Undergrad: 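Shown below is the structure under consideration.
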Amino acid sequence: MDNAAIADVFDEMAQLLEFRGENPFRIRAYTNGSKAIRELDESVAAILADPERDLSKVPGIGKTLAEKSKVLVETGSLPQLETLRKEIPEVVIQMARIPGLGAKKAVKLQQELALESLGDLRKACHEDKISSLKGFGAKTQAAILDGLSIAEAAAARIYWCDADELAASIGRHMESCKVISKMQWAGSYRRGRETVGDLDLLVVADDHAAVMDHLEAYHSHSQTIVRGDTKISIRVGKSFQVDMRVVEADQFGAALQYFTGSQAHNIHTRRLAKEQGLKINEYGVFQLDDESRVAGSTEQDVYAAIGLPWIAPELREDRREFEAAASGTLPELIETEDVIGDLHMHTNATDGTATIREMADAAIARGLQYIAITDHSKRVSMAMGLDEKRLREQWKAIDEIRSEYDGRLTILKGIECDILERGGMDLADDCLAEADWVLASIHYGQKQPRDQITERILGAIENPHVSCIAHPTGRLINRRPPYDVDMDAVMTAAKKHGTFMELNANPARLDLNDLHLAAAKRMGIPIVISTDAHSIDGLGVMQYGIKQARRGGLTKADVANTRPWSEWTK
DNA sequence: GCCGTTTTCGGCCCGACTGTTTTCAGTCG
Ligand SMILES: Nc1nc2c(ncn2[C@H]2C[C@H](O)[C@@H](COP(=O)(O)OP(=O)(O)OP(=O)(O)O)O2)c(=O)[nH]1
Ligand SMILES: [Mg+2]
Ligand SMILES: [Mg+2]
Ligand SMILES: [Zn+2]
């Protein structure tokens with residue numbers, strides 16, 4: 001069992017324990033343990049296998065969680081989880097997706113009314129069976145009925161790029177609100193997470209009610225979930241939520257720090273403050289003894305008050321940013337403008353829509369200095385992948401137009417060569433040897449067992465003609481899980497053989513992810529951020545890759561395609 | 001359940017909003 005699977009078990013334990021009314025701190029211990037294991041850069045199995053090592057030395061993992069991890073690695077399941085799954089009816093978990101209905105109320109309703117499905121709950125509302133229960137009333141019953149569709153929809157988190165569009169649209173609407181003096185998006189959107197659960201907007205204004213009225217008017221079908229004096233939550237579309245917090249100008253920094261999160265980052269920040277005799281909330285930084293305010297108008301002030309430099313939002317996940325901030329080793333994160341080459345794109349020779357020239361012109365327009373044309377190889381027949389003959393013809397065509405682009409753009413002769421299901425490369429070595437740039441990637445046999453698929457990728461890494469492994473884990477966010485590949489082994493081999501690893505910037509891929517990127521950086525493996533464009537517009541996804549790279553703590557120096565092609569050493 | 005330059009026990013971030021509460025629990029950010 002790999003770390004992610006163990007972490008999933010602890011997350012599920014935490015969720016189920018909540019429905020049993022457990023001590024909230026015990027529940028958080030499971031959540032913290034899950035996070036610690038998910039973000040660990042070596043495998044739990046490897047630590048357990050080494051008698052010199054002790055898993056319970058990992059912060060957040062004590063005797064109990066270490067023991068449970070051991071059981072999971074050895075047997076693949078956890079008896080305590082199986083017991084909890086039997087004990088907690090599935091329907092209460094679904095019920096808790098209704099806004100305002102949490103674990104305690106869900107359990108009470110389920111027990112009192114013997115509910116077995118959300119349909120039963122809807123029926124109970126219609127038959128007016130809830131308003132008479134102790135602790136419930138007419139309003140609660142109405143709110144449940146209202147929120148049932150959200151629970152039934154069970155909507156997934158949306159891609160960052162889609163959140164970006166919605167944020168722009170809401171932003172344009174809010175701009176016409178004259179009482180707003182300052183406005184800033186916060187939450188996971190500001191942190192650049194690959195998916196966003198809801199949007200969080202921070203606003204400075206004197207007239208709170210007017211701003212809230214304005215937000216409510218964003219969409220004729222938007223609904224207000226909660227609304228008070230300082231915050232409001234609305235629902236736009238089917239179930240997507242937008243939260244807005246309204247504060248005074250001198251609270252802006254503290255409020256932005258609070259609202260940007262993450263939750264774990266906030267908890268850590270506030271604990272550090274407390275240790276220094278201070279208190280941080282969304283209104284400012286205060287002395288614990290006399291409540292006097294010491295900071296809060298800017299984020300910089302808030303962090304400075306606890307002796308830290310400003311921390312970039314992308315790093316605020318309570319991973320290692322506090323360590324780095326305290327020691328003055330926060331990375332200077334890469335920016336989109338730093339990227340001057342793009343080494344993964346397709347043309348209409350395979351499944352792209354544009355010609356080489358069109359891609360080249362679009363790359364110049366985007367300020368790039370070099371590109372590699374990397375169409376599919378023959379095994380990818382659905383995309384009309386190239387055999388050696390067609391590929392050499394394409395390279396000849398590139399040779400012929402190179403002079404046209406002299407001094408403006410270097411066009412590299414590349415290929416995205418399939419790693420065959422039985423292992424080995426789809427194209428002959430003598431052909432690959434003639435390329436400037438060879439991507440290797442998996443398209444078939446994605447569900448092969450761990451050893452087999454890992455061996456295939458290791459084989460590609462060991463091939464001296466392979467420059468880079470493209471979309472190394474194969475995941476499609478919200479759609480397809482990653483290959484069951486041993487990434488420790490892959491990264492170790494990549495380091496040994498000097499093979500680059502791709503960060504595929506397609507917003508559905510973002511592969512490698514932030515955690516892998518951070519691990520790769522620590523190992524000294526250079527990253528290439530590529531668009532995998534299939535059209536000229538496809539070159540525009542670079543910005544999403546940059547977000548993910550920043551979350552991984554990458555600097556300009558960590559990313560190879562920030563350097564001129566002439567300086568590349570291979 | 002985890003943790004420890006004051007602690008091996010007793011804390012664990014801090015506050016807004018809602019409903020049915022007569023003083024606060026539950027839920028959420
Ligand atoms: N101090 C503190 N702040 C919190 C807590 N929960 C949320 N926040 C802050 C930090 C979050 O980033 C911010 C927005 O909350 P959200 O629930 O929208 O979370 P976030 O945007 O991080 O992730 P999301 O993609 O929306 O699930 O509010 C909490 O328990 N304590
Ligand atoms: Mg959010
Ligand atoms: Mg939110
Ligand atoms: Zn591709």
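The structure presented is a predicted model; accordingly, all values stated were derived computationally and were not measured. Naming convention: chains lettered A, B, ... in sequence-line order (proteins, then strands); numbering from 1 in each chain.
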Undergrad: Which distance, rounded to the nearest 0.5 Å, do you find between the CG of Leu199(A) and the CD1 of Ile158(A)?
TA: 6.0 Å
Undergrad: Hey, which of Ile225(A), Leu215(A), Ile170(A) is the one that makes side-chain contact (heavy atoms from CB on, under 4.5 Å) with Ile234(A)?
TA: Leu215(A)
Undergrad: Between the protein and nucleotides 21-25 of chain B, list every N/O to N/O distance that falls short of 3.5 Å.
TA:
none

Undergrad: Under 4.0 angstrom, heavy atoms only, what part of the nucleic acid is Asn281(A) near: base, sugar-phosphate, or nothing?
TA: sugar-phosphate
Undergrad: May I ask you to test the His214(A)-Val179(A) pair for a side-chain heavy-atom distance under 4.5 Å?
TA: no
Undergrad: Roughly, in whole Å, what's the span from NE2 in His265(A) to C1' in dG29(B)?
TA: 16 Å
Undergrad: State whether the distance check finds a donor on one side and an acceptor on the other, under 3.5 Å, for side chain Tyr258(A) versus base dG29(B).
TA: yes
Undergrad: dC2(B) and dT8(B): how far apart are their C1' atoms, nearest whole angstrom?
TA: 12 Å
Undergrad: Are more than 12 heavy atoms from other residues, nucleotides or ligands located less than 6.0 Å from atom CD of Glu116(A)?
TA: no
Undergrad: Going by heavy atoms closer than 4.0 Å, what residues in residues 20-48 of chain A are next to DNA chain B?
TA: Asn23(A), Phe25(A), Arg26(A), Arg28(A), Ala29(A), Tyr30(A)
Undergrad: What is the separation between atom CZ on Phe259(A) and atom P on dG15(B), rounded to the nearest whole Å?
TA: 16 Å
Undergrad: Using the C1' atom as the point on both nucleotides, what is the distance between dT21(B) and dG26(B), in whole Å?
TA: 12 Å
Undergrad: So which nucleotide from dT20(B), dG29(B), dA16(B) ends up closest to the side chain of Asp243(A)?
TA: dG29(B)
Undergrad: Please confirm whether the backbone N or O of Pro79(A) pairs with a side-chain atom of Thr83(A), one donor and one acceptor, at under 3.5 Å?
TA: yes
Undergrad: Hey, which sits more toward the 5' end of DNA chain B by its nearest nucleotide, Pro59(A) or Gln241(A)?
TA: Pro59(A)
Undergrad: Which of residues 60-72 of chain A sit near DNA chain B, with a heavy atom under 4.0 Å from it?
TA: Gly60(A), Ile61(A), Gly62(A), Lys63(A), Thr64(A), Leu65(A)
Undergrad: Please state the P separation for the pair dA16(B) and dT20(B) - nearest whole angstrom.
TA: 22 Å
Undergrad: Might you confirm whether atom NZ of Lys35(A) has over 12 heavy atoms from other residues, nucleotides or ligands at distances under 6.0 Å?
TA: yes
Undergrad: Starting at NZ of Lys57(A) and ending at C1' of dC3(B), how long is that distance when rounded to a whole Å?
TA: 13 Å
Undergrad: Side chains of Ile546(A) and Ile529(A), heavy atoms from C-beta outward: is any pair under 4.5 Å?
TA: yes
Undergrad: Taking atom C1' of dC28(B) as reference, at what distance in whole Å does atom CZ of Arg235(A) sit?
TA: 15 Å
Undergrad: Roughly how far, to the nearest 0.5 Å, is NZ of Lys63(A) from CD1 of Ile61(A)?
TA: 11.5 Å
Undergrad: Tell me whether the side-chain N/O atoms of Thr140(A) come closer than 4.0 Å to OP1 or OP2 in dT20(B).
TA: yes
Undergrad: If you look only at pairs with a residue in residues 107-159 of chain A, which of them pass as a ring-ring contact (aromatic ring centres under 6.0 Å, His included), with sequence neighbours excluded?
TA: none
Undergrad: Between dT27(B) atom C1' and Asp146(A) atom CG, what is the distance in whole Å?
TA: 17 Å
Undergrad: For Arg191(A), run the salt bridge (charged side-chain N to carboxylate O under 4.0 Å, His left out) check against Glu314(A), Glu317(A), Glu321(A) and tell me which one passes.
TA: Glu317(A)
Undergrad: Under the ring-ring contact (aromatic ring centres under 6.0 Å, His included) rule, what pairs show up with a residue in residues 285-332 of chain A, not counting sequence neighbours?
TA: His265(A)-Tyr303(A), His265(A)-Phe322(A), His268(A)-Phe322(A)
Undergrad: OP1 or OP2 of dC12(B) less than 4.0 angstrom from a side-chain nitrogen or oxygen of Lys274(A), does that happen here?
TA: yes
Undergrad: Nearest whole angstrom, please: distance from the C1' of dG15(B) to the CD of Gln257(A).
TA: 14 Å
Undergrad: Can you work out whether Gly102(A) or Arg270(A) has the more 5'-proximal nearest nucleotide on DNA chain B?
TA: Arg270(A)
Undergrad: For nucleotides 4-7 of chain B, list the nitrogen or oxygen atoms of the protein found under 3.5 Å from its nitrogen or oxygen atoms, one pair per line.
TA:
none

Undergrad: When you compare dT23(B) with dG19(B), how far apart are their C1' atoms, in angstrom units rounded to a whole number?
TA: 13 Å
Undergrad: How many whole angstroms separate atom CD1 of Ile232(A) from atom C1' of dC17(B)?
TA: 12 Å
Undergrad: Taking dC9(B) as the reference, what is the distance to dC14(B) when you measure between their C1' atoms (whole Å, please)?
TA: 24 Å
Undergrad: Verify whether one side chain among Asp164(A) and Gln543(A) offers a donor that lies under 3.5 Å from an acceptor in the other.
TA: no
Undergrad: Between the side chains of Thr269(A) and Asn266(A), does any donor sit under 3.5 Å from an acceptor?
TA: no
Undergrad: Classify Ala273(A) by what it touches in the nucleic acid, base, sugar-phosphate, or nothing, heavy-atom distance under 4.0 Å.
TA: nothing
Undergrad: Give a yes or no answer on whether the side chain of Ser69(A) reaches the backbone of Leu65(A) with a donor-acceptor pair at less than 3.5 Å.
TA: yes
Undergrad: Val226(A) has a side chain; which of dG15(B), dG26(B), dT18(B) sits nearest to it?
TA: dT18(B)
Undergrad: Is the count of non-hydrogen atoms from other residues, nucleotides or ligands lying under 6.0 Å from Glu127(A) atom CD greater than 12?
TA: yes
Undergrad: Expressed in whole Å, how much space separates the C1' atoms belonging to dG11(B) and dT6(B)?
TA: 14 Å
Undergrad: Under 4.0 Å from OP1 or OP2 of dC17(B): is there any side-chain N or O of Thr230(A) that close?
TA: yes
Undergrad: Per the atom types in the model, does the base of dC13(B) pair as donor or acceptor with the side chain of Arg271(A) at under 3.5 Å?
TA: no
Undergrad: Can you tell me the pairing partner of dC12(B) across any strand shown, Watson-Crick or G-U wobble, with both distances under 3.5 angstrom?
TA: dG1(B)
Undergrad: Regarding Ser233(A) and Asp243(A), is there a side-chain donor-to-acceptor distance under 3.5 Å anywhere?
TA: yes
Undergrad: For nucleotides dC13(B) and dC3(B), find the distance between their P atoms and express it as a whole number of Å.
TA: 14 Å
Undergrad: Separation of Phe286(A) atom CZ from dG15(B) atom C1', in whole Å?
TA: 12 Å
